[in-house]
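Down below is the structure, laid out as structure tokens.
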Amino acid sequence: MSDSFPDIEIYIKDVTENIILDWLQNHFDVVPGERTVTLTRGSETTECLIVLNAAKGGYTSVWFKSNHTSWKTDLDCARDAHKFMEKEIRCSSGSWGSEEGGWLKINKQGETKVAWE
């Protein structure tokens with residue numbers, strides 16, 4: 001996984017939008033919108049869609065529509081989010097279309113593969 005993913009998406013369990021915005025402000029200049037947040041890092045801008053309770057079990061989706069971030073992969077982003085928020089994070093284990101497919105869960109116990117439907 002040496003190439004950057006074209007976009008980044010993670011799922012965060014039991015989180016508020018304010019905590020997500022606090023985390024994002026550590027990495028970007030943030031301009032909140034209704035559901036989409038505009039993020040600027042240097043000269044690059046990307047849109048980030050935050051959908052509260054997007055997945056069963058209380059998971060909020062955080063989707064960076066393009067990868068103008070410091071993270072190469074979903075897993076890099078998930079690790080950073082977990083370190084900041086200390087919440088359970090789920091992400092894909094590989095890029096879409098890769099043979100690695102599947103999901104990873106990051107929590108206080110570590111990183112594990114999970115079946116998530």
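Just so it is clear, the values below take in all heavy atoms, side chains as well, and ignore hydrogens, waters and symmetry mates.
- Using a 4.5 Å heavy-atom threshold, the side chains of Glu47 and Thr38 count as touching.
- A distance-only check finds no donor-acceptor pair linking the side chain of Ser93 to the backbone of Leu104 [under 3.5 Å].
- Cluster membership for Leu21 and Met85, using ILVMFWY side-chain heavy atoms within less than 4.5 angstrom, is shared.
- In terms of heavy-atom proximity, His27 sits nearest to Trp23 at CD2-O, 3.4 Å.
- Relative orientation of the Tyr11 and Trp103 rings is perpendicular, given thresholds of 30° and 60° on the angle between their planes.
- Contact detail for His82 and Lys108: the closest heavy-atom pair is NE2-N, 3.8 Å.
- Under the 4.5 Å side-chain criterion, counting only non-hydrogen atoms from C-beta, Asp76 is not in contact with Phe5.
- Hydrophobic clustering (side-chain heavy atoms under 4.5 Å, transitive across Ile, Leu, Val, Met, Phe, Trp, Tyr) groups Ile19 together with Ile50.
- Closest approach of Cys91 and Leu75 over heavy atoms only: SG-CA, 3.8 Å.
- Annotation: side chain of Asn107 is not in contact with side chain of Lys13 (no heavy-atom distance under 4.5 Å).
- Hydrophobic clustering (side-chain heavy atoms under 4.5 Å, transitive across Ile, Leu, Val, Met, Phe, Trp, Tyr) keeps Trp116 apart from Val51.
- Within the 4.5 Å cutoff, no side-chain heavy atoms of Asp7 are placed close to those of Asn67.
- A heavy-atom distance below 4.5 Å is found between the side chains of Phe28 and Thr69.
- For the atom pair Ile12 CD1 and Phe84 CZ, the distance stands at 10.5 Å (nearest 0.5 Å).
- Lys105 has its side chain within reach of Glu88: a pair of non-hydrogen atoms, C-beta onward, lies under 4.5 Å apart.
- Taken from CD1 in Ile10 to SG in Cys77, the straight-line distance is 4.0 Å, to the nearest 0.5 Å.
- Here the side chains of His68 and Thr45 are not in contact, with every heavy-atom distance at 4.5 Å or above.
- Considering every non-hydrogen atom in both Gly42 and Thr40, the closest pair reads O-CG2, 3.5 Å.
- Tracing side-chain contacts under 4.5 Å through hydrophobic residues (I, L, V, M, F, W, Y), one never reaches Leu39 starting from Leu49; they form parts of separate clusters.
- Neither Ile106 nor Trp63 shares a network with the other; the hydrophobic side chains, linked directly or stepwise wherever heavy atoms of I, L, V, M, F, W or Y lie under 4.5 Å apart, form separate groups for each.
- Atom-to-atom distance recorded for Ile20:CD1 and Leu52:CG is 6.0 Å, nearest 0.5 angstrom.
- A donor-acceptor pair under 3.5 Å links the side-chain atoms of Lys87 to the main chain of Asp14, judged by distance alone.
- Side chains of Ser61 and Glu9: a donor on one and an acceptor on the other come within 3.5 Å.
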